[in-house]
Amino acid sequence: MLTTRFVNGAPNWLDVGSPDIDSAISFYGGLFGWQFQSAGPEAGGYGFFQLDGRTVAGGMPLPPEHASSAWTVYFQSPDAEATAKAVEQAHGAVLFQPMDVMGEGHMAVLRDPAGAAFGIWQPGRTKGVDIAGDPGSLTWVELYTPDVAAAAAFYHASLGLETSAAPMPGGDYTCLNPADAGEEAMFGGVVPLDLDPTGAASGAYWLAYFEVADADATVAKAVESGGKVTMPATTMEGVGRMAQLTDPHGARFAIITSAPPQS
């Protein structure tokens, strides 16, 4: 699972862009108990969601022409420029070129060959989020993609990620971990996307999971606050009870009440 002992290739940041950032602040504040702190006038409205004074994510306003909201997961890179070039060489795309963020670090936003957007963060003064794996914070990520093998090859070439198979009901689950970190450093998985009735695959995307104390209560609160359920709360033995949701502006995210560690 995710921790704040970040290593290269592991998620170390995430943020949500919304056409109505005040609405997003209200929604996620009510859902997870987050408070929002502005990064200052020079940051263009960007700010930090915090839980008990510790940063769990970022948030920013989108231009009015953006009709929907989206979460972006960032992976730690030792060299943002080199990683962006590796992404291009692996047939991905650079959406926002590597840039310095006021000395806090270097970031870029990229896209894999199947269309899933993701970010990279080269730490400067800001190493990453302050909390992970605890209630109200990021605990897992999943890539939904039409070709699991192709995705595994791309992320190995660009981020050095390694995969392993975990037996699950209905078939193996493809797990992700940073290079040379071993399976104990797993932080996410890769899930095959189904084809739609026309035979075309829906767009690939990364999905962030947040730990919660009570999955069912969190789902009910999300719906009351204008969110939607895209996968009802489901229990997976040995994993936990989870659900997939969207916020009022369409940003996908998931929640999980993790099963206690097996002794």
Side-chain angles (χ1 to χ4, degrees), residues 1-17 57-58 70-101 104-124 126-129 132 138-166 172-193 201-209 252-254:
M1 289 294 184
L2 278 170
T3 72
T4 53
R5 297 189 299 274
F6 298 118
V7 297
N8 291 332
N12 64 348
W13 191 258
L14 74 163
D15 56 27
V16 64
W71 279 96
T72 301
V73 177
Y74 295 75
F75 299 83
Q76 181 165 304
S77 167
D79 185 328
E81 292 278 357
T83 301
K85 289 178 182 177
V87 164
E88 290 182 313
Q89 291 170 352
H91 307 294
V94 179
L95 302 181
F96 294 97
Q97 292 290 336
M99 60 176 289
D100 174 70
V101 185
E104 300 298 329
H106 285 74
M107 59 83 68
V109 179
L110 313 162
R111 185 173 61 209
D112 73 18
F118 64 101
I120 51 173
W121 180 255
Q122 177 187 335
T126 296
K127 305 304 180 186
V129 295
L138 182 69
T139 193
W140 191 254
V141 297
E142 283 181 332
L143 173 65
Y144 285 75
T145 186
D147 189 330
V148 172
F154 169 81
Y155 286 99
H156 179 72
S158 58
L159 296 177
L161 302 187
E162 299 173 345
T163 58
S164 59
D172 287 345
Y173 180 80
T174 301
C175 300
L176 290 168
N177 60 266
D180 303 320
E183 293 183 13
E184 66 276 5
M186 286 188 302
F187 62 75
V190 186
V191 180
L193 275 172
S202 55
Y205 60 93
W206 282 95
L207 184 69
Y209 278 74
R252 296 184 181 102
F253 68 100

Quick check: does any side chain N or O of Gln76 sit under 3.5 Å from a backbone N or O of Pro123, one acting as donor and the other as acceptor?
no
If the test is side-chain contact (heavy atoms from CB on, under 4.5 Å), which one of Thr139, Leu138, Leu143 qualifies with Val141?
Leu138
How many angstroms lie between CG in Leu95 and CZ in Arg111, if you round to the nearest 0.5 Å?
5.0 Å
Please say which of Tyr155, Tyr74, Tyr205 ends up in a ring pair (Phe, Tyr, Trp, His ring centres under 6.0 Å) with Phe118.
Tyr155
List the atom of Pro178, the atom of Leu161, and the distance in Å for their closest heavy-atom pair.
CA-CD2, 4.2 Å
Note: Ala84 and Pro98 closest approach over all heavy atoms is CB-CG, 3.8 Å
Heavy-atom nearest pair, Val129 first then Ala57, reads CG1-N, 4.3 Å
Check each of Tyr144, Trp140, Phe75, Trp71 against Trp206 using the ring pair (Phe, Tyr, Trp, His ring centres under 6.0 Å) test, and report the only one that passes.
Phe75
Tell me whether Thr126 contacts the main-chain N or O of Gly128 through its side chain, where contact means a donor paired with an acceptor under 3.5 Å.
no
Ala165 to Asp172 - nearest heavy-atom pair and separation
CB-OD2, 3.9 Å
Side chain to side chain donor-acceptor pair (under 3.5 Å) partners of residues 87-99, not counting sequence neighbours, each pair once
none
When rounded to the nearest 0.5 angstrom, what distance separates CD1 in Ile120 from CD in Glu81?
8.5 Å
Spatial distance of atom CG (Leu14) from atom OG1 (Thr72) [nearest 0.5 Å]:
8.5 Å
What's the verdict on side chain to side chain contact (heavy atoms under 4.5 Å, CB included) for Asp180 and Glu162, showing C-alpha distance, side-chain angles and the deciding distance?
CA-CA 8 Å; Asp180 303 320; Glu162 299 173 345; 3.7 Å; yes
To the nearest 0.5 Å, how far apart are CG in Asp112 and CG in Leu159?
10.0 Å
Can you give me the closest heavy-atom contact between Thr145 and Ala114, atom names plus distance?
OG1-CB, 3.7 Å
Nearest-0.5 Å distance, CE of residue Met186 to CG of residue Asn177
7.5 Å
When rounded to the nearest 0.5 angstrom, what is the spacing between CD in Glu142 and SG in Cys175?
9.5 Å
Nearest heavy-atom contact between Trp121 and Glu104 is CZ2-O, 3.2 Å
Using modelled atom types and a 3.5 Å cut-off, is there a donor and acceptor pairing between side-chain atoms of Trp13 and backbone atoms of Gly119?
no
